Amino acid sequence: IVLGTLFVTSFIVCRLVMWPFATYHLWRDMVNAIKMDKPHAAVRRGYMYVILVCSAGLTLIQFVFVGMIVQIGKEEIHKFMNPV
């Protein structure tokens with residue numbers, strides 16, 4: 001129970017609090033870099049788009065994992081409150 005609580009707490013802090021801030025700065029910097037007219041930026045645009053797509057996918061996965069944690073948490077609390 002203690003480890004599960006620590007995991008959920010750390011997951012929420014890292015993934016639901018810190019992740020959006022880091023992702024926001026990543027997207028802001030990447031969009032600015034993509035808009036640059038410099039030759040070295042033009043060469044790397046494809047990679048930047050891939051990074052943005054991966055970032056969006058990881059953000060989606062964060063929400064899926066939170067849903068799974070909430071569902072399993074409800075089941076575990078129910079088991080804990082109603083022992084057999």
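Keep in mind that what you see is a predicted model, and the values were worked out from it rather than measured.
Between Ile72 and Glu76 there is a side-chain heavy-atom pair separated by less than 4.5 Å. Looking only at side-chain heavy atoms (C-beta outward), Arg15 and Val66 stay at 4.5 Å or farther from each other. Met18 is not listed as a side-chain neighbour of Phe21, based on a closest heavy-atom distance of 4.5 Å or more.
Linking ILVMFWY side-chain heavy atoms closer than 4.5 Å, directly or via other members, places Leu58 and Leu52 in two distinct hydrophobic clusters. In the hydrophobic clustering of ILVMFWY residues, with side-chain heavy atoms under 4.5 Å counting as a link, Val64 and Val70 come out together. No single ILVMFWY cluster, assembled from side-chain heavy atoms under 4.5 Å apart, contains both Trp19 and Val13. Clustering ILVMFWY residues whenever any of their side-chain heavy atoms sit less than 4.5 angstrom apart, transitively, puts Ile12 in the very cluster that holds Ile61. At a threshold of 4.5 Å between side-chain heavy atoms, the hydrophobic network of Ile, Leu, Val, Met, Phe, Trp and Tyr places Met68 and Phe7 in one connected group.
Here the shortest heavy-atom pairing between Ala33 and Ala41 reads O-CB, 3.7 Å.
The main-chain N or O of Leu6 is found under 3.5 Å from a side-chain atom of Ser10 such that the two form a donor-acceptor pair. Arg45 places a side-chain N or O within donor-acceptor distance of the main-chain N or O of Ile34, the cut-off being under 3.5 Å.
Residue Lys38 holds its NZ atom at 4.5 Å from CE of Met36, rounded to the nearest 0.5 Å. Put simply, CG on Asn82 and CD1 on Ile77 are 11.5 Å apart, with the number rounded to the nearest 0.5 Å.
More than 12 heavy atoms of other shown residues, nucleotides or ligands fall within 6.0 angstrom of atom CZ in Phe11.
Counted by atom type alone, His25 and Asp29 present zero donor-acceptor pairs between their side chains at under 3.5 Å.
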